[in-house]
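Structure record follows, encoded as structure tokens.
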Amino acid sequence: PFSVELLETSPKRPAFYVVGQSKFALLFVSTFGLYWTYWTYKNWRLYRAATGNKVLPLVRTVTGVFFVFSLFMKVDRRILASGRQYRWYPRSLALAVILAACAGATRVWVLDAHVSFALFLLVLLLLTCCLMRVQAAINFSEYGVEEPVNSTLTFANGIWVGLGLSWWGLVILTFYF
């Protein structure tokens with residue numbers, strides 16, 4: 001009985017990476033979408049630690065697009081297992097992310113640099129919108145709210161944003177000079 005009470009009062013281990021939506025969007029866009037790699041790795045690593053399932057976070061990160069559906073459905077199952085409901089359409093979002101990733105890969109065959117960059121911006125916008133919705137669902141699954149405590153930028157976040165914005169500046173300058 002004492003150990004049961006101890007288990008009930010212990011805080012649950014987060015199964016997914018909680019981050020504020022505005023912070024997510026800033027890091028994702030400023031790093032040209034490279035934040036996706038870190039975000040995916042953190043989600044799979046936390047999922048493995050919380051559930052004990054033998055997933056390989058690094059493999060699932062490197063081959064991220066193949067495990068998007070699986071990740072989104074695991075988030076949805078966690079929400080449903082908590083007895084709550086959240087309307088976020090994980091299957092449609094997974095399909096949109098996969099199609100956007102495929103569309104981004106087609107930029108290789110676009111010869112005009114301006115058209116290629118415009119396609120990149122369109123894909124980045126679509127991915128940002130979709131992944132912000134996924135992040136809202138993750139935040140809800142962990143805390144029951146969409147905007148959690150991890151919404152302020154850290155020093156390391158600032159460095160990544162600064163590097164990303166410098167890169168954005170270089171890219172934009174190459175188009176006009």
Side-chain angles (χ1 to χ4, degrees), residues 10-53 55-82 84-101 104 120-168:
S10 64
K12 72 176 183 173
R13 176 177 261 172
F16 300 104
Y17 183 54
V18 174
V19 64
Q21 291 180 57
S22 54
K23 179 179 176 178
F24 175 86
L26 176 66
L27 288 167
F28 187 77
V29 171
S30 67
T31 62
F32 283 80
L34 291 176
Y35 183 68
W36 160 268
T37 307
Y38 176 77
W39 181 83
T40 304
Y41 178 77
K42 287 286 284 185
N43 275 306
W44 283 118
R45 193 180 67 151
L46 287 170
Y47 176 76
R48 181 181 69 182
T51 64
N53 289 355
V55 297
L56 300 172
L58 189 58
V59 172
R60 291 190 179 215
T61 299
V62 171
T63 58
V65 75
F66 297 111
F67 292 101
V68 165
F69 180 78
S70 176
L71 178 64
F72 294 3
M73 293 311 296
K74 288 179 186 340
V75 172
D76 195 47
R77 279 190 224 112
R78 184 163 172 98
I79 293 171
L80 294 175
S82 71
R84 297 173 289 157
Q85 290 196 356
Y86 188 76
R87 223 172 171 178
W88 66 291
Y89 309 103
R91 289 174 182 85
S92 300
L93 287 169
L95 179 62
V97 168
I98 292 167
L99 291 175
F120 167 76
L121 290 176
L122 183 64
V123 167
L124 187 66
L125 176 67
L126 178 62
L127 284 173
T128 303
C129 292
C130 290
L131 292 175
M132 282 181 65
R133 189 73 183 132
V134 173
Q135 188 60 56
I138 287 173
N139 297 345
F140 183 80
S141 77
E142 295 300 327
Y143 291 107
V145 294
E146 291 184 5
E147 198 65 27
V149 292
N150 185 14
S151 57
T152 57
L153 291 175
T154 64
F155 182 73
N157 295 150
I159 290 173
W160 282 108
V161 169
L163 289 172
L165 292 178
S166 299
W167 187 254
W168 271 104

Any side-chain heavy-atom pair of Leu34 and Trp160 under 4.5 Å:
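No, every pair of side-chain atoms sits at 4.5 Å or beyond.
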Derivation and outcome, side-chain hydrogen bond (donor to acceptor under 3.5 Å, both in side chains), residues Asn43 and Thr40:
CA-CA 5 Å; Asn43 275 306; Thr40 304; over 6 Å; no
Looking at Phe66, I'd like to know if its CZ atom is crowded, meaning that more than 12 non-hydrogen atoms belonging to other residues, nucleotides or ligands lie closer than 6.0 Å.
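No, CZ of Phe66 has 12 or fewer neighbouring heavy atoms, counting only those of other groups under 6.0 Å.
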Around Arg84, counting heavy atoms of other residues, nucleotides and ligands shown, do more than 12 lie under 6.0 Å from its CZ?
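More than 12 within 6.0 Å, yes.
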Nearest heavy-atom pair of [X] and [Y]: which atoms, and what distance?
X      : Y      : answer
Ser141 : Ile79  : CB-CG1, 3.4 Å
Arg48  : Pro57  : NH1-CD, 3.5 Å
Leu124 : Gly33  : CD1-N, 4.0 Å
Val97  : Cys130 : CG2-CB, 3.9 Å
Thr154 : Lys23  : CG2-NZ, 4.5 Å

I would like to know whether Leu71 and Val68 meet side chain to side chain contact (heavy atoms under 4.5 Å, CB included); could you show each step before the answer?
CA-CA 5 Å; Leu71 178 64; Val68 165; 5.9 Å; no
All ring pair (Phe, Tyr, Trp, His ring centres under 6.0 Å) counterparts of Phe16, not counting sequence neighbours
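Counting only residues at least two positions away or on another chain, Phe16 forms a ring pair (Phe, Tyr, Trp, His ring centres under 6.0 Å) with Tyr47.
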Candidate pair Trp88 and Asp76, rule side chain to side chain contact (heavy atoms under 4.5 Å, CB included), full reasoning
CA-CA 9 Å; Trp88 66 291; Asp76 195 47; 3.1 Å; yes
Decide ring pair (Phe, Tyr, Trp, His ring centres under 6.0 Å) for Trp39 and Phe24; before the verdict, give the C-alpha distance in whole Å, the side-chain angles of both, and the deciding distance to 0.1 Å.
CA-CA 9 Å; Trp39 181 83; Phe24 175 86; 5.6 Å; yes
Interatomic distance, [X] atom [atom1] to [Y] atom [atom2] [nearest 0.5 angstrom]:
X      : Y     : atom1 : atom2 : answer
Leu153 : Leu27 : CG    : CG    : 6.0 Å
Glu142 : Leu46 : CD    : CG    : 8.0 Å
Arg45  : Tyr41 : CZ    : OH    : 5.5 Å

My understanding is that only residues two or more places apart in sequence, or in another chain, count here; which of them pass salt bridge (charged side-chain N to carboxylate O under 4.0 Å, His left out) with Arg60?
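So Arg60 forms no salt bridge (charged side-chain N to carboxylate O under 4.0 Å, His left out) with any residue.
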Side chain to side chain contact (heavy atoms under 4.5 Å, CB included) partner of Phe72, chosen from Leu95, Leu93, Ile138:
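Output: one option passes, namely Leu93.
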Excluding sequence neighbours, so at least two apart, what forms side-chain hydrogen bond (donor to acceptor under 3.5 Å, both in side chains) with Trp36?
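Here no residue qualifies.
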So Ser82 and Phe140, side chain to side chain contact (heavy atoms under 4.5 Å, CB included) or not? Walk me through it.
CA-CA 11 Å; Ser82 71; Phe140 183 80; 5.8 Å; no
Below 30° counts as parallel, above 60° as perpendicular, anything between as tilted: where do the rings of Phe120 and Trp168 land?
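Taking Trp168 first and then Phe120, their aromatic rings sit tilted (interplane angle of 30° to 60°).
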Gln21 and Arg133: CA distance, side-chain angles, deciding distance, side chain to side chain contact (heavy atoms under 4.5 Å, CB included) verdict
CA-CA 8 Å; Gln21 291 180 57; Arg133 189 73 183 132; over 6 Å; no
